[in-house]
*Asks:* 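Before anything else, here's the structure in question.
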Amino acid sequence: MNMLRIAGRFSASGLPSFGTIAEELLARSELFDWYQVDPEFGAHVTDGKVDTILGQKGAASLVQATADNRPAYAENVLNSYPAAVFDGANDRLVCSVQRNFTLAHGLAVIARSGDTTYPDVILSANSSSLPEYISFAAGGLINFVQGNKALTLPAAVSGDWNVIVASANGAGTLRLWVNGRYIEGTGGNNSTMTSAALIVGALNNAGSSIMTGSVTDVMQFDGDILAGAAPVLDLVRDVADFTYGLRYS
């Protein structure tokens, strides 16, 4: 198994600055949008459920118009920050903008599983065939699947949080980083996903393979963000560390 090593980043004072990290991440051209389950950063809660999360770059939103399909809003879940809690029955959030997933792209999410019934799909591109998704799987694993190709890495201990970053180069190469571990492979196929909406918490908008678990952050990127030096991964890792206390080298 390959291990991707990323250099640390520090402010001028010698200590990390989350404000600086967030500003740098939002300024990255690769970032399409960033969704945080926090009313201070664009989340809207109705009757204790998350109905909308506005993207911090203003490119898109995660939305759910049907009240019964909205994840619950829970305060003080991770390092005093809130989370969206998916019930395993019908909860899901859908991106307001469809994107071309056949091009190079990346996804990042901070999530934890809430049960042992698998697969629990965390993120997916809404497609009827040759789907792309990130899921919790049996045996304490996390999968990144595109078409018939799957990359697999260990998840955190049951009940703990995971920092997950995945990317595809648009030509069959897939990459997956989970909690400091890295793997890559070839053979991916997303040729049908020229216009697909990102789904949070389910395999598709029909509600298949609904996740039981929680999500705090979701990010969408343009480009194969785990290729080469991977400066975007460095920023995602620092967000996880200095916001949520999840530190992985």
*Asks:* Output, in order, the C-alpha distance, side-chain angles, deciding distance and verdict of side chain to side chain contact (heavy atoms under 4.5 Å, CB included) for V165 and L226.
*Replies:* CA-CA 8 Å; V165 184; L226 291 179; 3.9 Å; yes

*Asks:* In terms of hydrophobic clusters joined by side-chain contacts under 4.5 Å, are Y182 and V236 together?
*Replies:*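 Linked within one cluster.
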
*Asks:* Starting at CG of L153, measure out to CG of N143 and round the result to the nearest 0.5 Å.
*Replies:*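 Those atoms lie 9.0 Å apart.
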
*Asks:* Using a 3.5 Å cut-off and no angle test, enumerate the donor-acceptor pairs between side-chain atoms of residues 67-80 and protein atoms at least two apart in sequence or in another chain.
*Replies:*
{"residue": "R70", "atom": "NE", "partner": "Q64", "partner atom": "O", "Å": "2.8"}
{"residue": "R70", "atom": "NH2", "partner": "Q64", "partner atom": "O", "Å": "3.4"}
{"residue": "R70", "atom": "NH2", "partner": "A65", "partner atom": "O", "Å": "3.2"}
{"residue": "N79", "atom": "ND2", "partner": "T243", "partner atom": "O", "Å": "2.8"}

*Asks:* Looking at residues at least two apart in the chain, or sitting in another chain, which of them share a salt bridge (Lys or Arg N to Asp or Glu O under 4.0 Å) with R99?
*Replies:*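 R99: salt bridge (Lys or Arg N to Asp or Glu O under 4.0 Å) contacts with D222.
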
*Asks:* Drop me the distance from S209's OG to Y133's OH, to the nearest 0.5 angstrom.
*Replies:*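 OH of Y133 is found 7.0 Å from OG of S209.
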
*Asks:* Can you tell if the side chain of I53 reaches within under 4.5 Å of the side chain of V37, non-hydrogen atoms only?
*Replies:*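 Yes, close enough: below the 4.5 Å cut-off.
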
*Asks:* Does anything in residues 100-111 pair up under side chain to side chain donor-acceptor pair (under 3.5 Å), and if so which pairs, sequence neighbours excluded?
*Replies:*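 For residues 100-111: N100-T102, H105-E132.
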
*Asks:* Quick check for you: to the nearest 0.5 Å, what is the distance between Y35 atom OH and L93 atom CG?
*Replies:* 11.0 Å

*Asks:* State, without any angle test, whether Y81 and Q36 hold a side-chain donor-acceptor pair at a distance under 3.5 Å.
*Replies:*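 Note: Y81 and Q36 side chains miss the donor-acceptor criterion.
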
*Asks:* Ring centres under 6.0 Å, that's the criterion: do F221 and F32 meet it?
*Replies:* no

*Asks:* Please round to the nearest 0.5 Å and tell me the distance separating atom NZ of K49 and atom NE2 of H44.
*Replies:* 15.0 Å

*Asks:* Any donor-acceptor pair under 3.5 Å linking the side-chain atoms of D241 with those of Y248?
*Replies:* no

*Asks:* Per the salt bridge (charged side-chain N to carboxylate O under 4.0 Å, His left out) rule, what does the pair list look like for residues 160-179, sequence neighbours excluded?
*Replies:*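 Counting only pairs at least two positions apart or across chains, the salt bridge (charged side-chain N to carboxylate O under 4.0 Å, His left out) contacts touching residues 160-179 are R175-E184, R175-D224.
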
*Asks:* Could you pull out the closest heavy-atom pair between P154 and L141, with the gap in Å?
*Replies:*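 For P154 and L141, the tightest heavy-atom pair comes out as CA-CD2, 4.0 Å.
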
*Asks:* Mind checking salt bridge (Lys or Arg N to Asp or Glu O under 4.0 Å) for D51 and listing every partner two or more places apart, or none if nothing turns up?
*Replies:* none

*Asks:* Taking atom CZ of F136 and atom OG1 of T212, what is their separation to the nearest 0.5 Å?
*Replies:*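 Rounded to the nearest 0.5 Å, the CZ-OG1 separation comes to 10.5 Å.
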
*Asks:* Taking the side chain as everything from C-beta on, heavy atoms only, tell me whether V163 gets closer than 4.5 Å to V178.
*Replies:*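 No - every pair of side-chain heavy atoms lies 4.5 Å or more apart.
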
*Asks:* Under the salt bridge (charged side-chain N to carboxylate O under 4.0 Å, His left out) definition, can you give me all pairs with a residue in residues 27-46, not counting sequence neighbours?
*Replies:*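 Residue pairs with at least one partner in residues 27-46: R28-E30.
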
